[in-house]
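In what follows, every heavy atom counts, from backbone to side chain, and hydrogens, waters and symmetry copies are set aside. Atoms within each ligand, like the ligands themselves, are counted from 1 in listed order.
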Amino acid sequence: MNNDILRFATAGSVDDGKSTLIGRLLFDSKSIFEDQLDAVERTSTARGEEQTNLALLTDGLRAEREQGITIDVAYRYFATPKRTFIIADTPGHIQYTRNMVTGASTSDLAIILVDARKGLQEQSRRHAFLTTLLQVPHLVLAVNKMDLVDYSQDRFEEIKAEFADFATKLDVPDLTFVPISALHGDNVVSQSENMPWYSGPSLLHHLENVHIASDRNLIDARFPVQYVIRPQKSADPELHDYRGYAGQMAGGVLKPGDEVVHLPSGLTTRIAKILTADGEIAEAYSPMSVTLLLEDEIDISRGDMISRPNNSPAVSQDLEAMVCWMTDARKLTPRSKLIIKHTSRTAKVMVKDLRYRLDVNTLHRDEQADHLALNEIGRVRLRATQPLFVDEYCKNRQTGGFILIDEATNVTVGAGMVVKAD
Ligand SMILES: Nc1nc2c(ncn2[C@@H]2O[C@H](COP(=O)(O)OP(=O)(O)OP(=O)(O)O)[C@@H](O)[C@H]2O)c(=O)[nH]1
């Protein structure tokens, strides 16, 4: 039911045509589009969609806002009869890395725009690298301004070959090339008559049909507890007399009757019921927001994890991760003390060491580096003051991702992807 939401990020150098493309998509798709979330909400209710869809959508965005992210990523929404789209529009000029990490970390797909006249730029490679680092499952290279190269197939093939060659170094999971003119609308929403040699889908057609359901991890059940709903005195015991655990599914599938394990206690019990705002349901999977009722009383708090007895995340205070540093107010150095926000758990963390800094242009590793500055990416070892329940980011972007917060200012200063927990 949630598969009809596609989150995508756009990236490109200045003037490659991102704003024009987004405008064109919104305009030509003749969809109901509004910047305001309440408008999306109205639309979706009118279309008879399930309410939970929207709750999820707003939850995600609200969570980002609450984390005090000061990054100027603009979210835009539009819908076609097939899907609802959330675009993370990341400004290309300054702060590209930080913006892109923020915008792309929750995206199903990224569009990298290239100006057909200029071809691949250093920034296109950097964006592609970040996309793979963030494990965005689908990548589209949109070769824009085809009108300015006479809709030349040769030019398109040239850029395509160059990028495909570079992409082999990156392990891009799914790569699609589309020749477009954002200004004139060629291949954006409908097939272009100016490029009869191109037989692939228009950009919107691809966005509407790209298969994302299987990108979600449906194997490893993960339920980070966000809130504990305590029993209340009520005349109607069915309604209020229970203890429930609310949160968002971060992987796998859970059903009533399933045996589950609570972390950190290691105690096991079974799921009694799964509730949503609309009532009881038979199964929960990512990214649904649900409340679990368990058969036994266990002492469970916010930040704990519910998973399956033979398939749990690592329970560890030590993490090794790729971190993107996002502030110029301070640097990341060994012994830096920070706050880590990982799933629904918040803990203090210390940087044990910086193993290397990565040059995102050359992919060179500088093992002598002693700090990370704004927009720099490096591999670090962290030690938290309490155990975290983590998976490797390549297995699960939710339980493998985290943000780092400056304690004094409460500002997000870094984003991380777990490489290993030990
Ligand atoms: N001829 C032609 N011009 C285009 C096309 N797409 C965009 N442009 C022009 O290129 C210029 C830059 O386009 P924008 O959409 O503002 O570029 P942007 O990537 O959003 O730029 P920033 O927001 O500064 O990063 C504008 O003058 C557009 O009209 C296209 O397909 N063909």
Ligand-side contact atoms (ligand 1) for residue partner [X], heavy atom cut-off under 4.0 Å:
{"X": "Ser181", "result": "30 (C), 31 (O), 32 (N)"}
{"X": "Ser19", "result": "15 (O), 18 (P), 20 (O), 23 (O)"}
{"X": "Asp16", "result": "19 (O)"}

For [X], is at least one N or O under 3.5 Å away from an N or O on ligand 1?
{"X": "His184", "result": "no"}
{"X": "Leu21", "result": "no"}
{"X": "Ala182", "result": "yes"}

Strictly below 4.0 Å, N to O, side chains only: are [X] and [Y] in salt-bridge contact?
{"X": "Glu162", "Y": "Arg125", "result": "yes"}
{"X": "Lys331", "Y": "Glu376", "result": "no"}
{"X": "Arg308", "Y": "Asp220", "result": "no"}

Determine the interplanar angle of the Phe78 and Phe85 rings, folded into 0 to 90°, and report it as parallel if under 30°, tilted if 30 to 60°, perpendicular if over 60°. parallel
At under 4.0 Å between heavy atoms, which part of [X] makes contact with ligand 1: side chain, backbone, both or neither?
{"X": "Asp147", "answer": "side chain"}
{"X": "Leu183", "answer": "both"}
{"X": "Thr20", "answer": "both"}

For the side chain to side chain donor-acceptor pair (under 3.5 Å) test, which of Thr399, Thr343, Asp391 pairs with Arg222? Asp391
Tell me if a side-chain donor or acceptor on Asp150 pairs with a main-chain N or O of Ser152 at a distance below 3.5 Å. no
Under 3.5 Å donor-acceptor pairs involving side-chain atoms of residues 129-137, not counting sequence neighbours:
residue : atom : partner : partner atom : Å
Thr131  : OG1  : His127  : O            : 2.7
Thr132  : OG1  : Ala128  : O            : 3.3
Thr132  : OG1  : Phe129  : O            : 2.8

